[in-house]
There are 2 protein chains.
Amino acid sequence: MGTKFKGSKEEIRALDVFIKLIRAADSVASRVESHLGNIELTVSQFGVLEALFHLGPLYQKDLARKILKSTGNITMVVDNLEKRGLVERIRDTEDRRHLSVRLTDKGTRLIRAFFPKHAGRIVREMSVLNASEQEQLGALCKRVGLQIGARASGRTTDRPS
Amino acid sequence: MGTKFKGSKEEIRALDVFIKLIRAADSVASRVESHLGNIELTVSQFGVLEALFHLGPLYQKDLARKILKSTGNITMVVDNLEKRGLVERIRDTEDRRHLSVRLTDKGTRLIRAFFPKHAGRIVREMSVLNASEQEQLGALCKRVGLQIGARASGRTTDRPS
DNA sequence: GCTAAATAGTTAAATCTTAAACTAATGATA
DNA sequence: TATCATTAGTTTAAGATTTAACTATTTAGC
């Protein structure tokens with residue numbers, strides 16, 4: 001990237017990788033997510049539907065951790081999905097503090113019809129790398145992401161698994 | 001990650017790399033940027049100061065491309081930096097549509113004093129990988145980020161360089 | 001059983017962000 | 001020069017996000 005920073009070899013290398021990592025993620029994500037507008041979903045809304053689709057009903061707390069957003073934000077995201085009849089909240093009878101969020105039939109139909117296109121986009125994005133390169137990238141990302149002493153990812157209490 | 005998605009080997013691999021890439025970038029960025037609050041700068045504000053520090057005066061258009069934000073957003077970011085006396089706008093006499101943004105002395109002192117700490121954080125983040133691993137990661141990120149047919153990164157007309 | 005601490009979720013205020021409409025300036029073309 | 005298209009930047013409206021304060025509920029210790 002164009003950064004004309006003068007520092008040690010080590011610094012230059014680290015800064016260069018950092019910016020490439022950030023830009024790659026941003027660029028891939030925005031291409032993959034650019035079609036969400038077609039079904040009137042924000043990235044967060046889609047993330048919630050996707051999580052519920054693959055994992056089944058989840059508490060809002062767990063949704064927040066999954067999509068890397070604050071619990072305050074989840075309240076609004078789920079509100080908006082609920083207004084459109086795509087998900088419903090169910091108060092847990094065991095522990096009444098918990099709200100379980102689950103897909104309605106309408107929500108299930110939407111995500112089931114749409115997810116394959118989404119997955120296809122991701123496959124296409126990643127296809128510039130062959131299988132072994134993809135695995136290398138995944139492994140390296142996992143290591144820098146996990147980082148010893150990693151803090152809350154800026155939000156809530158996310159801990160990449 | 002916990003995604004219980006059932007698909008082809010290829011799909012599973014691509015989705016897995018995708019989520020690892022997004023999460024790594026998010027997690028590293030939020031740790032590196034978490035200290036910006038100490039000097040009362042947002043991520044975008046810091047990005048502008050850093051770009052001006054390393055590249056010299058830039059037009060707002062170029063700043064937008066550099067920090068991956070819309071030109072509308074740059075107007076506000078530069079407004080806020082200008083209010084604090086960290087940057088100044090200079091109308092280009094050749095082409096009066098352009099506004100050149102440059103660091104004031106105060107802005108230069110701030111970024112000069114602060115940047116080394118920032119760079120240190122990045123070096124520390126990346127130090128879980130050795131030099132050759134860092135270079136591998138950088139090269140792989142560059143390839144997926146550039147992607148053939150890459151569109152606007154969601155904003156304006158950014159094209160990772 | 002009470003009380004204190006912890007947890008899940010909501011609300012409100014502040015900020016950031018974008019998209020789209022708009023203004024101003026430039027360039028191209030006749 | 002008159003007109004049309006393009007470009008840089010600003011403004012506005014709508015929405016997303018976070019933090020912190022708040023409510024409701026549960027758990028643990030006494």
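Just so we're on the same page: letters track the sequence lines, and every chain starts at 1.
Under the 4.0 Å criterion applied to side-chain N and carboxylate O atoms, B:Asp16 and B:Lys20 are assigned as salt-bridge partners.
In this structure, B:Arg84 atom CZ and C:dT15 atom P are separated by 13 Å, rounded to whole Å. Spacing between atom CG of B:Leu36 and atom P of D:dT18 amounts to 16 Å, rounded to whole angstrom units. If you measure from atom CD1 of A:Ile67 to atom P of D:dT17, you get 7 Å, rounded to the nearest angstrom.
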(request) Determine, for nucleotides 6-16 of chain D in 5'-to-3' order, which nucleotides have protein heavy atoms under 4.0 Å from the base (write B), from only the sugar-phosphate (write S), or from neither (write -). (result) BBSSBB----S

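Tested against A:Val77, the residues A:Asn80, A:Thr75, A:Leu81 include a single side-chain contact (heavy atoms from CB on, under 4.5 Å) partner, A:Leu81.
Toward the 5' end of DNA chain D, the nearer of the two residues A:Asp92 and A:Val43, judged by each one's closest nucleotide, is A:Val43.
For A:Gln136 (side chain) and A:Glu133 (main-chain N/O), no donor-acceptor pair under 3.5 Å exists by modelled atom type.
In this pair, B:Phe115 and B:Phe53 present their aromatic rings tilted. The plane angle is within the 30 to 60° band.
Side-chain contact between A:Asp26 and B:Leu68 is present, with at least one heavy-atom pair separated by less than 4.5 Å. Using a 4.5 Å heavy-atom cutoff, the side chains of B:Val123 and A:Ser8 are not in contact.
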